There are 2 protein chains.
Amino acid sequence: MLVRIDFESDEAFYIQLRNQIIMGIAMSELREGESLPSVRDLAEDIGINMHTVNKAYSILKQEGYVRLDRRRGAVIAVDANKLLAEEELRMQLKTIVARALCKELSPEEIRLTLDSVLSDFR
Amino acid sequence: MLVRIDFESDEAFYIQLRNQIIMGIAMSELREGESLPSVRDLAEDIGINMHTVNKAYSILKQEGYVRLDRRRGAVIAVDANKLLAEEELRMQLKTIVARALCKELSPEEIRLTLDSVLSDFR
DNA sequence: TTCCTGTTATATGGAAAGTGTAACAGTGCA
DNA sequence: TGCACTGTTACACTTTCCATATAACAGGAA
């Protein structure tokens, strides 16, 4: 899986990295049980510091996307707490739906955009 | 409209404030042409600094939700660029949908959550 | 043993967030 | 003409976060 950091972005490197790995899991480019590169290798590949990669991995562990193994490194292992996930989803949707409605997007347009996004996965 | 800051949150005060005002507009608690409190008054009300409120107002102006008037203060004035708004919506959905899919929420469950969120507005 | 894991500790530079005080330039009102 | 109220700008200051750097430690594998 290809990872790339936007050095111009105002998003922190470790946030960009975390999001891309989550995206990779959702797109099935990364599969359950698969190992991610070691913190040192990945850091060198994408041109950032080891600790920054480590921070991304630690957060992914805390959020239940990987398990960290001293020998195998970071292994994809999604802990699916559906109730918690739905509550998070609802909170995040609330904010961005509010923005869309202000900008006069209709509920129907918002639904269609969601369908379009959903169809990009798989 | 009631504004409240969560001092424990890791979200910046000016981001919390911006989001709540956008929420107010979307919920029709704040209407086109209505004035927001002055930066000094609001700052005192919610217990934060004037400059922090000013920062929120400036961002709301930049994002096209208010116009800043030297005499009337911040006035609700939504500049609805639908094309831009839809592109923003799509980008934001992409990230949170990926998270939901990883946590084994189905596309149908995601759609239902969106419908539930949409029904909370108005 | 040697090498590669993640993990931890400590230090540093830079940017952002938040506060504080102060002043300035318009505008409306008495 | 003053006064009070807007947003706006300019500094200074503290604290936190981001990212880097160097170094060391512990555990598993070859």
Side-chain angles (χ1 to χ4, degrees), chain A residues 1 3-22 30 33-79 95, chain B residues 1 3-22 30 33-79 95:
Chain A
M1 181 201 166
V3 175
R4 208 164 31 83
I5 296 296
D6 177 3
F7 291 92
E8 309 303 319
S9 169
D10 56 346
E11 255 188 342
F13 298 166
Y14 74 93
I15 297 289
Q16 291 185 47
L17 184 50
R18 179 197 64 165
N19 287 345
Q20 287 189 38
I21 290 169
I22 290 174
L30 297 171
E34 187 172 337
S35 284
L36 294 174
S38 79
V39 291
R40 291 172 175 83
D41 282 353
L42 186 51
E44 180 136 11
D45 275 7
I46 61 187
I48 63 177
N49 190 276
M50 177 194 77
H51 291 104
T52 308
V53 175
N54 191 257
K55 190 166 183 178
Y57 282 10
S58 295
I59 289 180
L60 285 166
K61 175 188 179 185
Q62 183 195 329
E63 293 180 339
Y65 292 96
V66 306
R67 121 179 83 85
L68 295 180
D69 189 316
R70 206 175 274 278
R71 44 201 163 161
R72 301 188 50 209
V75 180
I76 305 294
V78 176
D79 167 31
T95 304
Chain B
M1 182 201 164
V3 174
R4 208 164 30 83
I5 296 296
D6 177 3
F7 292 92
E8 310 303 319
S9 169
D10 56 346
E11 253 188 343
F13 298 166
Y14 74 92
I15 298 289
Q16 292 185 47
L17 183 51
R18 179 198 63 166
N19 287 345
Q20 287 189 38
I21 290 169
I22 290 174
L30 297 172
E34 187 173 338
S35 284
L36 294 174
S38 78
V39 291
R40 291 173 175 84
D41 282 353
L42 186 52
E44 180 135 10
D45 275 8
I46 60 185
I48 63 177
N49 189 276
M50 175 196 77
H51 295 298
T52 308
V53 175
N54 191 257
K55 190 166 182 176
Y57 281 10
S58 296
I59 289 180
L60 285 167
K61 175 189 178 185
Q62 183 195 329
E63 295 180 339
Y65 292 95
V66 306
R67 122 180 83 83
L68 296 180
D69 188 317
R70 205 176 274 277
R71 43 202 163 159
R72 299 189 50 207
V75 179
I76 306 295
V78 177
D79 167 31
T95 305

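Worth saying up front: this structure is predicted, and the values here are computed from it rather than measured.
The shortest heavy-atom contact between A/R18 and A/I59 is CD-CG2, 3.7 Å. Nearest heavy-atom pair, B/L30 versus B/I21, reported as atom, atom and distance to 0.1 Å: CD1-O, 3.8 Å.
Of the two residues near DNA chain C, A/H51 and A/R71, the one whose nearest nucleotide lies more 5' is A/R71. Along DNA chain D, the nucleotide nearest to B/A74 and the one nearest to A/T52 differ in position, and the one closer to the 5' end is contacted by B/A74.
As rounded to whole Å, 14 Å separates atom C1' of C/dG18 from atom CG of B/L17. Straight-line distance from the CZ atom of B/F13 to the P atom of C/dT19: 5 Å, rounded to whole Å. To the nearest angstrom, C1' of C/dT5 lies 11 Å from CE of A/M50. Rounded to an integer number of Å, the gap from B/Y57 OH to D/dT6 C1' is 12 Å. With rounding to whole Å, A/L42 atom CG is found 17 Å from C/dC4 atom P. The distance from atom CG of B/L36 to atom C1' of D/dT6 is 13 Å, rounded to the nearest whole Å. Nucleotide C/dC3 holds its C1' atom 13 Å from the CG atom of A/D41, rounded to whole Å. Taking atom CZ of residue B/R67 and atom P of nucleotide D/dT8, one finds them 13 Å apart after rounding to whole Å.
Within the structure, every side-chain polar atom (N or O) of A/N49 is placed at least 4.0 Å from both OP1 and OP2 of D/dA19. Phosphate contact (OP1/OP2 of D/dA19, side-chain N/O of A/K55, threshold under 4.0 Å): absent. Side-chain N/O atoms of B/Y14 include none lying less than 4.0 angstrom from OP1 or OP2 on C/dG18. Considering only side-chain N and O atoms, B/S38 lies under 4.0 angstrom from the phosphate OP1 or OP2 of D/dT6.
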After noting the C-alpha distance and the side-chain angles of B/Y57 and B/V66, does the key distance pass the side-chain contact (heavy atoms from CB on, under 4.5 Å) rule? CA-CA 8 Å; B/Y57 281 10; B/V66 306; 5.5 Å; no
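Remark: B/E44 CD is loosely packed, at most 12 non-hydrogen atoms of other residues, nucleotides or ligands lying under 6.0 Å away.
Here A/F13 and A/F7 bring their ring centres to under 6.0 angstrom of each other.
Each of C/dT7, D/dT8, C/dA17 was ranked by its minimum atom distance to the side chain of B/A12; first place goes to C/dA17.
Between the side chain of B/R40 and the base of C/dT21, no donor-acceptor pair of N or O atoms lies under 3.5 Å. Between the base of C/dG6 and the side chain of A/R70 there is a donor-acceptor pair shorter than 3.5 Å.
Using a 4.0 Å heavy-atom criterion, one finds that A/R72 contacts no nucleic acid atom at all.
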